[in-house]
Structure formats: structure tokens, C-alpha cells
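Okay, structure first, notes after.
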Amino acid sequence: MSATAILIKDLCKEFPVPFRRETVKAVQNLSLEVPAGEVYGLLGPNGSGKSTTMKIVLGLVRPTSGTTSVFGVDSRRVESRENVGFLPENPYFYKYLTGLETLLFFGKLCGLAGSPLRERSRELLHTVGLEEAADRRLGGYSKGMLQRIGLAQALLGEPRLLVLDEPTAGVDPAGAHAIRDLILQCKQRGITVLLCSHLLGQVQEICDRIGIMDRGELLAEGRIDDLAGKKNQIELVLENATPALLESLGAMSRASGAQVVSQRGARTDLEKFFLDVTRHRS
Amino acid sequence: MNQAQNPFSLSLRRIWALSHNTFLELVRLKVFYFLLLFAFLIIGSSLFTVQFSFQNPLQVLKDVGLGAMSIFSWLLGLLCTANLLPKDMEDRTLYTILAKPVSRFEYLLGKLYGVFLLLGLSVLLMSLLFAGVLAIREQQEIAELARNLSPENLPAAVAEIRAATFQMNLLPGIALILLKAMLCSTLTLLLSTLASSSVFTVLTSVVVYLIGHVQGIAREAWLAGGQASPLLKVLVAGMALAFPDLQLFNVVDEIAVGTALPALLFWQVAGFGGMYILVYFLLAQLVFSTREL
Ligand SMILES: Nc1ncnc2c1ncn2[C@@H]1O[C@H](COP(=O)(O)OP(=O)(O)OP(=O)(O)O)[C@@H](O)[C@H]1O
Ligand SMILES: [Mg+2]
């Protein structure tokens, strides 16, 4: 088994603009490596080339130059997709299939069949909370429900790599939370995840490393703690703390020369970092 | 499951999953209602032909039925295929499918095979309906004759009626009707991999269909008298190559009037059709495999 899940080397992608000579440079000179077992977050403003990069990694779009490989297999080969689950952005499936039928269909494409496939599909419908809608046609699904069936479909073939393009877009807060937990579970089982999301708080909670793209270029990359953590600060979460305890904690801190900085989670840090990185370009 | 795979090996299971799904899609889009039109046409003309007295009514019915079957199966194949790829691309369902270990070749083959299944079933249903209506009319005609004719004239008249109804010798002709529809569907698939709108696909496919039917006559007319310029000859040859001579598939008209279809001719036409299907499909694959999704 290769220790590298995704390897991208000098990737460029240009889309032709109809009736014009110029091209849209969706990805420019992108190189990155995601080791197996890592959760990697790809961030960036709209149109910065995140989805395009994912599609190239999955062999859906051909690069203009550069190479990508998945577990050591070139993305252009069909085998590179054997252990991969993909959730496209705004997933849209066959309207005339029910939720269960959709999973059975995609399961067959993954090489599953018979009762193991049925069991797995039922189990995943339960996991994404669609048991009740299993026998309804997808034409009647809401956006968040489509997102959930998309996630179930991505998990079907016991993938070793999950590529998720905005997995929580349109999902309600509880659902988003559940999806976050699901991704964390996958991480615990050693599954590599390439994720792209605009919800920085969520990215901060799940990802080991992030890369920030803008106009097709990778501007910054690294471990979240290194990029956005404040090493001289620590967060204390207390339950059932009495005012007296807080008072004395404050007093003790002041006595030792520390300061209590009121802060709701470190998520504002990543947000600030993100804006810093992407703003000074325009 | 994680074994590396030969890129050229095809998974029949995946192709079957795709074609089954395509078939299901077409069925759930209610394309079979289209066949109700055929039913109305056949039953309607069955009632109408009673009034013809100058010609054998069963013969008229048979001609109408076979002609309708030919047109309906062609149109069904054309309309079902034209939107198959564009819709998957537009809805981006194609992304989800091709993100699984499915090659574009398997995808295309699965789609086409799904249409073939639908066509096969449709032609079967139309043939059954057609044979049923003819059988009922046959009984009516024979009963009518039995009332009017004297016993010694009856056997000959009955035999004449029987000859004009549905007979097993029509089956090869119907098989060629199916093959023609399949050929036109494959052509439509090829056009849809090239085109960016399904209006273009449908129109072009119809034009090729028409050219395919008149090209035999045109060829004879243009090349008549041996005066054709070399340029014209090349053009005509090119046309004959690009567009199959669809008139060849209409042997069923001959069979309908009682001419027997030689086995050799049948296999020649079938081979000709099969070859065009193969070539069109491979061209479609060639275009599709390089196409930006
Ligand atoms: N098929 C295509 N044809 C032409 N241009 C394209 C195509 N796909 C993407 N682009 C262009 O490439 C650029 C990157 O698009 P991409 O979808 O990768 O952005 P993104 O980072 O995923 O944005 P978002 O956050 O909005 O999802 C955009 O400028 C887009 O217009
Ligand atoms: Mg995107």
C-alpha cells in the first residue's frame, strides 16, 4: 500500500472560453500531497479551482499539464477510482430512482451485489438519516436530502479515500453536525479525506491540514495549528462552573501574570487567516 | 476487490447495471405510452379497412402495420437516445457514475444496450399486438366467407386470406426493422456525443435517415449513363459510405406481398447493419473518450 493517498504535481488546467482566444486558468501550478489517513481541507473563494482540482484527481476532467495520482495509480486509469468515494458539489442523481435504488445502482457500479449490497445500502441509509425516505423517488428530495444520499453513495464501496466537495452545503445544522461526526469516524478508521468547504469552523474541527487556493494557485498550506493556532493561548471549557469559581480562576490567572481572553473557540482565527491570505491579492 | 484491473477488461456486471438503469429510466419516463399510438393506429385501421372492397383488406392492414412498426421503432430509438448523454452531462449524474470505477466505454455501451433492450421489447409488443389484430380480422373474414361462398369455393378463398395474415416468414423482416431502429439509435448516440444540443442531434439524425432512404435512388440517377465526373463519383461513394443504404432494410415490404426472403440476403443485410452499428459505436466512443465533460 502506498503511503501517499493523493499526489498532485505541477497541475494546470485551462478552460477555453467560447469565441475568444483567451482561456480561464482554473488551476495553476498546483502541487500537493495528501498522506494516507489524513484529512485535508481545500479552501478558497468561489471560482478558485477547488472543484476543478477534485475532478482532475478523480479523472473526470483532463489536466492541461501536470499529473495526479491516487494511491500511486495515475488518475487517468479506471483502477485509480476503485477505492474512492466522491461526493460532487450540488449532487444530482436520477430523479426516477428511489433512495434505495440509487444506492443499489451505484453499489453495482462499485462491484457489489446481492444481499451484501442490500444490507450495506440499508445501513448507509440509516447512517445518513434517510431511512424513511428510502422508498421515495429522488425527484421529491430536498437539497439537503440529496446531499445526504450523495454522501451515502460515496461511502458505498468501503473507500480508502473520500473526496467531498462541500459535504454540508444545504444540510441543516444537526445534519451538518452528524456529517462532521461521520467524517471524524472515517478518519479514525484510517480513511483519507479530501474535503472542500466554506465553513471554516467545521474545517478547523475536522482537518489535519489545509491548503488555501485563490485563482487556481495554492497560496498557503500547512497544519491548522501552525497556520491559525495561537500557541500562547489555551481554551478552557467548563461545565456547571459557579460564578465564584470563575471569579477565583480570573484572580488566579491575574496573580500568575496570565490574562483571560474571552474567546468563542478558535474558529475566528482560521477565518481571519483565510481572509488575510486571500484578500491581499485583490 | 482491490486487485488492479486490466484497463481493457470490461465488467459485464457494470454494463448490465448501466443498461438496466437506462431501460428503467426510459420506462419510468413513460415512453411506452408512445406505443399506445401504434395500438390506436393498428386497431383504427383494422376497423377502417373493412370498407375497402377492391383490395384484400388484410393485405392493406398488414402493409400499414409493418410500415408503422418500422417508423415507430425508428422514432422511439431516435427520441430515446438523443437526450441520453446530454441529460447525464447536464445534470452531472455522469460525474457520479464515472467517479466509480466505470470506464467511459462501459458507460456508453451500457446506455446503448439499454436502448436496444427497450427497442427489442417494443418491437416484440408491437408484433404481438399486430399479430393479434390480424388474427381477429382473419377469423372475421373467414366467417364472412363461410356465409357467402359455396363450400367448394371456400378452401381456396380461405387459403388466400391466410396468406395475407401474420405469418412466420414475416419474422426475419421484423428482425430487420428492429436492426434498422438499432442502427439509427447508434447513429443518434454518435451525433449526441458530437453535438451540444439535442435539437441538432434529432434534426441531423432525421436528415441522415431520409438520406439513407433516398440515397440508393439518387446514386442510380446520378451515375446513370456512365457520364458522371470523377468528382461526383467520389462524392457519391463518400455518401454511400457515411450513410447506410436504409432502403435495404425494407425487405419486409416484399415479404408482405408474398415474396420469400432468401436466407443469404437476410444475413447480408443483417451483417451490413451490424457492421454500421459497430462502426458508429466505435466512433461514438472515440469522440466521447476525448470529450471534456
Ligand atoms: N467546465 C468548465 N468550463 C469553463 N470554465 C470552467 C469549467 N469548470 C470550471 N470553470 C472555471 O474554472 C474556475 C474554477 O472553478 P471551480 O468550480 O473549480 O471553483 P471552486 O473553487 O470549486 O468554486 P466554488 O467555491 O464556487 O465551488 C472558475 O473560474 C470556473 O468558471
Ligand atoms: Mg466548487
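Here is how names work: the chains are called A, B, and so on, in the same order as the sequence lines, proteins then strands, and each is numbered from 1.
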Once you round to the nearest 0.5 Å, how far does [atom1] of [X] lie from [atom2] of [Y]?
{"X": "B:S103", "Y": "A:E79", "atom1": "OG", "atom2": "CD", "result": "10.0 Å"}
{"X": "A:M54", "Y": "B:Y95", "atom1": "CE", "atom2": "OH", "result": "13.5 Å"}
{"X": "A:F93", "Y": "B:D91", "atom1": "CZ", "atom2": "CG", "result": "11.5 Å"}

With a 4.5 Å cut-off on heavy-atom pairs, point out which of B:V102, B:L24, B:T290, B:N21 contacts chain A the most.
->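 Top count of heavy-atom pairs under 4.5 Å with chain A: B:N21.
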Assess whether side chain to side chain contact (heavy atoms under 4.5 Å, CB included) is satisfied between A:F106 and B:I97, documenting all intermediate values.
-> CA-CA 7 Å; A:F106 283 107; B:I97 292 175; 3.9 Å; yes
Can you say whether A:K95 sits under 4.5 Å from chain B via the side chain, the backbone, both, or neither, judging by heavy atoms?
->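 Neither part.
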For A:Q153, is it the side chain, the backbone, both or neither that has a heavy atom under 4.5 Å from a heavy atom of chain B?
->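 Interface part for A:Q153: both.
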Do other residues, nucleotides or ligands put more than 12 heavy atoms under 6.0 Å from [X] [atom1]?
{"X": "A:E132", "atom1": "CD", "value": "no"}
{"X": "B:R291", "atom1": "CZ", "value": "yes"}
{"X": "A:H198", "atom1": "NE2", "value": "yes"}
{"X": "B:E90", "atom1": "CD", "value": "no"}
{"X": "B:F32", "atom1": "CZ", "value": "yes"}

Which portion of B:L18 sits near chain A, non-hydrogen atoms under 4.5 angstrom =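 Backbone plus side chain of B:L18, per the 4.5 Å heavy-atom cut-off to chain A.
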Sidechain-backbone polar pair: B:R13 side chain, A:G111 backbone, donor-acceptor under 3.5 Å |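 A pair under 3.5 Å: yes.
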Under 3.5 Å: donor-acceptor pair, side chain of A:R81, backbone of B:L98 |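 Here the side-chain-to-backbone pair exists.
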Under a 4.5 Å heavy-atom cutoff, which of A:F86, A:F105, A:F15 has the most pairs with chain B?
->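 Going by pairs under 4.5 Å, I would pick A:F105.
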Residues A:K13 and B:E292 bridged, charged N to O under 4.0 Å |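 Yes, A:K13 and B:E292 are salt-bridged.
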Would you name the heavy atoms of A:C110 and B:K100 that are closest together and state the gap between them?
->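 Taking every non-hydrogen atom into account, SG-CD, 3.3 Å.
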Which atom names give the shortest non-hydrogen contact between A:R62 and B:S289, and what distance separates them?
->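 Looks like NH2-O, 2.5 Å.
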With A:Y94 as reference, evaluate B:D88, B:T22, B:T96 under the side chain to side chain donor-acceptor pair (under 3.5 Å) test and give the passing residue.
->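 The residue from B:D88, B:T22, B:T96 that satisfies side chain to side chain donor-acceptor pair (under 3.5 Å) with A:Y94 turns out to be B:D88.
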Go through B:E25 and A:Y96 one step at a time and tell me if the side chain to side chain contact (heavy atoms under 4.5 Å, CB included) criterion holds.
-> CA-CA 7 Å; B:E25 166 174 8; A:Y96 54 88; 3.0 Å; yes
Could you go through the side chain to side chain contact (heavy atoms under 4.5 Å, CB included) check for B:R28 and A:L97 one step at a time?
-> CA-CA 9 Å; B:R28 294 205 176 156; A:L97 293 181; 4.2 Å; yes
